[in-house]
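Labels below follow one simple rule: chain letters A, B, ... track the order of the sequence lines, proteins then strands, and each chain is numbered from 1. Nothing here was measured: the structure is a model prediction, and the numbers come from that model. Hydrogens, waters and symmetry mates play no part in the numbers below; they use all other heavy atoms, side chains included.
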There are 2 protein chains.
Amino acid sequence: MLTIGKLGEAAGVKVPTIRYYEQIGLLPEPERSAGNQRRYGQSALDRLAFIRHARELGFPLEAIRDLLSLTDNPHHSCAAADIIAKKQLAAVKARIARLTALKAELERMITQCAQGTVADCRVIESLSDHSHCAQDHHGTSELAE
Amino acid sequence: MLTIGKLGEAAGVKVPTIRYYEQIGLLPEPERSAGNQRRYGQSALDRLAFIRHARELGFPLEAIRDLLSLTDNPHHSCAAADIIAKKQLAAVKARIARLTALKAELERMITQCAQGTVADCRVIESLSDHSHCAQDHHGTSELAE
DNA sequence: CTTGAAGCTATAGCTACTAGAGACCTTACG
DNA sequence: CGTAAGGTCTCTAGTAGCTATAGCTTCAAG
């Protein structure tokens, strides 16, 4: 049986995060020791590793909740899981496209910086003005999800 | 003089966001009409456009605060602005690299989905297991900033 | 002068955690 | 068996960057 610390270490998740996942119902309430400490088995480790991996892939917790509910009754079709993954892929592609445009603009800003005073700094100027933008970045923000 | 709604429209920022920026000190408190409504001039529009553009480029508000303090006394060297921009560029590059790896893995997951039941769904399996990962994505999470 | 849109303040909520306080449990060593 | 270190407990509050709600007031058009 694993303590919460060992579980966290094994799965690569911090201890308070595990308790948080339990609180929001992503992890079931585990057994407790005589002294009220959480004790975990292999299934908790598997589930937590699953959650961690999905988080790393950028899935929001709600999507992970859905995926977990699929694994909890494994006789359903995996079409739902497929849809979730495709949605995530589309989001990832969109973010890459946006970030690539941002990268180009930042590089342009930096190379134009004359190392002078702020009064003629291209970095500041670029940020004050959209006219130099190589690509449109109005509308959906990279940061807004 | 612009109302808060017109200002938001002109700068592409939502009204509550403008009030939020004022609250946290990114925008100065504007004049008020006789009936206590905010009235803005050109300088507020410039400043707000600057903030919006910087946000779109992925700058955190604290970096924007620094950049604004540079523009507020424009006789300093622009080296500080340059440093902020370079730091941001590095962050953007790192995010692109990570997202590209995630994209590859998501694509692999999806193409392997056999359209069967969850029991043999590759999407689910991929998320349970790191062994197929084309690239390491332990450590720093894409989502963690 | 009326009406409807836009504005006001204040508070609470969102995601996904992270940090702190102060008490309690477990375990290894002597 | 005692003790000390370090892990764990609960609870609360904080983070970023907004967004939403409630209940009210003000403004501008007709």
Side-chain angles (χ1 to χ4, degrees), chain A residues 1-27 29-40 44 48 50-68 88 91 95 139-145, chain B residues 1-27 29-40 44 48 50-68 88 91 95 139-145:
Chain A
M1 288 304 232
L2 298 163
T3 64
I4 195 169
K6 294 293 173 194
L7 176 71
E9 206 177 315
V13 173
K14 284 177 194 151
V15 167
T17 305
I18 297 172
R19 287 196 277 249
Y20 170 71
Y21 286 163
E22 179 184 325
Q23 193 190 311
I24 64 170
L26 275 190
L27 290 176
E29 292 186 17
E31 294 173 46
R32 297 284 182 139
S33 73
N36 199 38
Q37 298 191 350
R38 290 170 179 81
R39 290 300 125 103
Y40 297 94
L48 186 54
F50 180 100
I51 294 169
R52 192 215 162 181
H53 196 178
R55 286 294 296 131
E56 285 176 332
L57 287 169
F59 290 87
L61 288 184
E62 277 317 295
I64 296 170
R65 199 186 290 277
D66 292 347
L67 288 168
L68 283 170
Q88 185 59 21
R95 292 175 76 186
T140 322
S141 164
E142 158 60 23
L143 301 161
E145 194 67 9
Chain B
M1 289 302 233
L2 297 163
T3 64
I4 196 170
K6 294 295 173 192
L7 176 71
E9 208 177 315
V13 174
K14 284 177 193 152
V15 168
T17 305
I18 297 172
R19 287 195 277 248
Y20 170 71
Y21 287 163
E22 178 183 326
Q23 192 190 310
I24 63 170
L26 275 190
L27 289 176
E29 293 186 17
E31 293 173 48
R32 299 283 183 141
S33 73
N36 200 37
Q37 298 192 351
R38 291 169 180 81
R39 290 300 125 100
Y40 296 92
L48 186 54
F50 180 100
I51 295 170
R52 190 215 164 181
H53 197 177
R55 286 295 297 133
E56 285 175 334
L57 287 169
F59 289 89
L61 288 184
E62 277 317 296
I64 296 170
R65 199 186 289 278
D66 292 347
L67 288 168
L68 284 170
Q88 186 60 19
R95 291 176 75 186
T140 322
S141 163
E142 159 59 25
L143 301 161
E145 192 66 13

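- Considering only side-chain N and O atoms, A:R38 lies nowhere under 4.0 angstrom from the phosphate OP1 or OP2 of D:dT8.
- One distance of note links CD1 of A:I64 with CZ of A:R52; it measures 12.0 Å at 0.5 Å rounding.
- Atom CD1 of A:I64 and atom P of C:dT15 are 13 Å apart (whole Å).
- For residues 9-26 of chain A, the side-chain hydrogen bond (donor to acceptor under 3.5 Å, both in side chains) pairs, not counting sequence neighbours, are A:E22-A:R38.
- For the pair A:K6 NZ and D:dG6 P, the interatomic distance rounds to 13 Å; values are reported in whole Å.
- Smallest separation of non-hydrogen atoms from B:V15 and B:G5: CG2-CA, 3.8 Å.
- Between the P atom of D:dG17 and the CZ atom of B:F59 lies a distance of 13 Å, rounded to the nearest Å.
- Annotation: side chain of A:I51 is not in contact with side chain of A:V13 (no heavy-atom distance under 4.5 Å).
- In this structure the side chain of A:Y40 never reaches within 4.5 angstrom of the side chain of A:L48, judged on heavy atoms.
- Within residues 8-27 of chain B, the residues having any heavy atom closer than 4.0 Å to DNA chain C are, in order of number, B:R19.
- Protein atom CD of B:E62 is 11 Å distant from nucleotide atom P of D:dT15, rounded to whole Å.
- Within the 4.5 Å cutoff, side-chain heavy atoms of B:T3 are placed close to those of B:R39.
- In plain terms, the two heavy atoms of A:L2 and A:K6 that are nearest each other are CD2-CB, 3.9 Å.
- Taking B:R65 as the reference, B:I24, B:L26, B:E62 meet the side-chain contact (heavy atoms from CB on, under 4.5 Å) condition, with sequence neighbours excluded.
- Phosphate contact (OP1/OP2 of D:dT8, side-chain N/O of A:R32, threshold under 4.0 Å): absent.
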Reading nucleotides 22-30 of chain D from 5' to 3' and marking B where a protein heavy atom lies under 4.0 Å of the base, S where only the sugar-phosphate is that close, and - otherwise, the string is ----SS---
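- In this structure, CD1 of A:I4 is placed 16 Å from P of C:dC25, rounded to the nearest angstrom.
- Atom P of nucleotide C:dT18 and atom CG of A:L61 are separated by 11 Å, given to the nearest angstrom.
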